[in-house]
Amino acid sequence: MSDPAELGFIPERLQRIDAHLKAKYLDTGRLPHTALLIGRGDEIAHLSLQGEARAGQPLKDDAIFRIASMSKPITSVAFMQLVEEGKLALADPVTKVIPEWKNLGVFVAGGGNMPFVSRPAATQMRMIDLLRHTAGFTYSFQERTPIDAAYRKAKLEAFSGPDLEELIKILADIPLQFDPGTSWNYSIATDILGAIIQRVDGKPLDEAIAARITRPLGMDDTHFQVPTDKLDRMPDCYAFDPKETKKLYDPGEKSAWGRKPNQLSGGGGLASTLADYHRFCRMLLNEGELDGERIISRKTLELMTANHLPGGGDLTQHSTALFSEAENAGVGFGLGFATTMDPAATMVPGSRGDFYWGGMFSTAFFVDPVEAIIMIFMTQLMPSNTYPVRREIKTMLYSALAE
């Protein structure tokens, strides 16, 4: 911990964030616990741990959280390493690595008890479409289309669901929702990136991620499967319940993350700590390097954090389902991250070019290269859109900035 005043913050205003979280979310039982890290440069300006990890057990700073979709930036960086090595290109067709999809079409009709009717795709799916979620895939929990329903029937996103090779085979028989590159839809695309990394690297995804990202960065507590001797550090995880506020979803002592997953989900399967994810974010803030380890080049990271939505639009213009809400005005999407194009349109203080994402269990992070700020927030409640806690923290954080 450093002196927040020396890092340009007003300490009393940082403390207001803790008081707000306690009064609105912890004392009311809405959230089980909160962990908040605010950094500037390589230093930590504020660290707050509140609530209980498990009944009668205070949350500790080494807690291992289910970070869900905060796995996506890690997998995306690993993929872009392959691009830097000349093994793949963003413009490559996905069929270069997944030839099983050469006849993959776009939905016309059918689903349920009826066979799918599809048409040939008008555009070719490229690697860049997987990174920016414009490939035409979806997530089963969106529950909007026959494609979502087919994903649910096949249990594509479950821990016990198909492994990555079987996932590729199943998706060959389920049409895309739209022509690649024409719309944006939050999806299993990052899991497909993981499958591609496996095939190109010739090793399981967990080994590839360890070799490329977590081991070089010293992220020793970031795992697809949490080791037995670390399970006591996993907090209980909850799901929102309209009557009871929250219900136990995944108990820490018997967590599913303690078992070997059948599917190594690069899009949502990792567990990590505040300290580990802070090292990952410091690498991003330091233009791809940390403690002498060059993970990715400065120019590659610039490319990843630029907006890649068609025509330079924002999520409200291009999203077909989730993240099309008005609060996502001014927000673009890059290669693994959302990025702020117009802070005024977002209605939340920030900087043009800050980038971020979150996870299903209400975890979140952002990196602001302009102000050299890192924010990481951890709790364990699904779904992530239950409360506006992320926007509240960001607003209050910037109100504490003195210089």
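We number each residue from 1, following the sequence as shown. All values below come from the heavy atoms of this structure, side chains included, with hydrogens, waters and symmetry mates left out. Nothing here was measured: the structure is a model prediction, and the numbers come from that model.
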Requested in this report: Would you kindly say whether T134 and D129 are connected by a side-chain donor-acceptor distance under 3.5 Å?
Outcome: yes
Query raised in the report: Any ion pair linking K394 and D354 (charged N to carboxylate O, less than 4.0 Å)?
Result: yes
Report task. Quick one: which residue pairs count as a salt bridge (Lys or Arg N to Asp or Glu O under 4.0 Å) with a foot in residues 29-51, not counting sequence neighbours? Result -> R40-E371, D42-R282
Query raised in the report: At their closest point, which heavy atom of L104 faces which heavy atom of A172, and how far apart are they?
Result: CD1-O, 3.9 Å
**Report entry** Salt-bridge criterion met for E165 and R199 (N-O under 4.0 Å)
**Finding:** yes
Query - Main-chain N/O of V331 paired with D314 side-chain donor or acceptor, under 3.5 Å - result: no
Query - Test item: L36 and M375 side chains (from C-beta on) under 4.5 Å apart, heavy atoms - result: yes
Query - Stepwise side chain to side chain contact (heavy atoms under 4.5 Å, CB included) check, M378 with M70 - result: CA-CA 11 Å; M378 300 286 199; M70 280 170 59; 4.2 Å; yes
Query - Side-chain donor-acceptor contact under 3.5 Å, S255 with D250 - result: yes
Query raised in the report: Is it the case that more than 12 heavy atoms not belonging to K24 sit under 6.0 Å from its NZ atom?
Result: yes
Report summary line: All heavy atoms of T320 vs all of S183, minimum pair found to be CG2-CB, 3.6 Å
Query raised in the report: Is a salt bridge present between R212 and E85, judged by a nitrogen-to-oxygen distance below 4.0 Å?
Result: yes
**Report entry** Main-chain N/O of D220 paired with H223 side-chain donor or acceptor, under 3.5 Å
**Finding:** yes
Query raised in the report: Just by modelled atom types, is the G105 backbone N or O under 3.5 Å from a matching donor or acceptor in the S118 side chain?
Result: no
Query - Worked check of side chain to side chain contact (heavy atoms under 4.5 Å, CB included) between H20 and Y25 - result: CA-CA 8 Å; H20 173 77; Y25 293 108; 4.1 Å; yes
Requested in this report: Carefully, step by step, assess L130 and M125 under the rule side chain to side chain contact (heavy atoms under 4.5 Å, CB included).
Outcome: CA-CA 8 Å; L130 297 173; M125 186 193 301; 4.2 Å; yes
Report summary line: Closest non-hydrogen atoms of G334 and H308, given as atom of the first, atom of the second and distance, are CA-CD2, 3.8 Å
Query raised in the report: To the nearest 0.5 Å, how far apart are OG1 in T222 and CD1 in I64?
Result: 8.5 Å
Query raised in the report: Hey, is OH on Y249 packed in by over 12 heavy atoms from elsewhere, all under 6.0 Å?
Result: no
**Report entry** Gap between atom CG of L381 and atom OG1 of T34 - 0.5 Å precision
**Finding:** 12.5 Å
Query raised in the report: Taking everything shown except M1 itself, do over 12 heavy atoms lie less than 6.0 Å from its CE?
Result: yes
Query - 4.5 Å side-chain heavy-atom contact, F337 and K72 - result: no
Query - Y139 ring center within less than 6.0 Å of Y186 ring center - result: yes
Report task. Answer yes or no: is there a donor N or O on one side and an acceptor on the other, between the side chain of R13 and the main chain of Y398, under 3.5 Å? Result -> no
**Report entry** Under 3.5 Å: donor-acceptor pair, side chain of D163, backbone of Q263
**Finding:** no
Query raised in the report: Does F333 have its ring centroid less than 6.0 Å away from the ring centroid of W357?
Result: yes
Query raised in the report: Can you find a side-chain donor-acceptor pair between N185 and S187 that sits under 3.5 Å?
Result: no
**Report entry** Test side chain to side chain contact (heavy atoms under 4.5 Å, CB included) applied to Y277 and L270, I67, D221, the passing residue
**Finding:** I67
Query raised in the report: Any side-chain heavy atom of F366 within less than 4.5 Å of one from L397?
Result: yes
Query raised in the report: Is there a donor-acceptor pair under 3.5 Å between the side chain of H318 and the backbone N or O of P310?
Result: yes
Report task. First locate atom CZ of F377, then atom CD1 of I17, and finally report the distance between them rounded to the nearest 0.5 Å. Result -> 10.5 Å
Query raised in the report: Where the side chain of T340 meets the backbone of P343, is there a donor-acceptor pair that is under 3.5 Å apart?
Result: no
Query raised in the report: Should R54 and D232 be marked as a salt bridge (Lys or Arg N to Asp or Glu O under 4.0 Å) after you check the CA-CA gap, both sets of side-chain angles, and the distance that decides it?
Result: CA-CA 10 Å; R54 304 178 188 178; D232 62 334; over 6 Å; no
Report task. Check whether any side-chain N or O of E84 sits under 3.5 Å from a backbone N or O of S297 as a donor-acceptor pair, and report yes or no. Result -> yes
Query raised in the report: What is the distance from atom CD1 of I38 to atom CD1 of I376, rounded to the nearest 0.5 Å?
Result: 10.5 Å
Query - Sub-4.5 Å side-chain heavy-atom contact between L171 and I188 - result: yes
Report task. Check whether any side-chain heavy atom of V94 sits under 4.5 Å from a side-chain heavy atom of M127, and report yes or no. Result -> yes
Query raised in the report: Quick one: CG on L290 to CD on E287, what's the gap to the nearest 0.5 Å?
Result: 13.0 Å
**Report entry** Under 3.5 Å donor-acceptor, S351 side chain and D368 backbone
**Finding:** no
Query raised in the report: Do D62 and K230 meet the salt-bridge criterion of a basic N to acidic O distance under 4.0 Å?
Result: no
Query raised in the report: What do the steps show when you test I74 against M219 for side chain to side chain contact (heavy atoms under 4.5 Å, CB included), and what is the final call?
Result: CA-CA 11 Å; I74 294 174; M219 297 170 65; 4.2 Å; yes
Query raised in the report: Is V77 close to M304 at the side-chain level, that is, under 4.5 Å between some pair of heavy atoms?
Result: yes
Report task. Using modelled atom types only, decide if a donor and an acceptor are shared between the side chain of D201 and the backbone of A208 within a distance under 3.5 Å. Result -> no
Query raised in the report: Are the side chains of I147 and I174 in touch, meaning some heavy atoms are under 4.5 Å apart?
Result: yes
Query - CD-CG distance between Q198 and L264, expressed to the nearest 0.5 angstrom - result: 6.0 Å
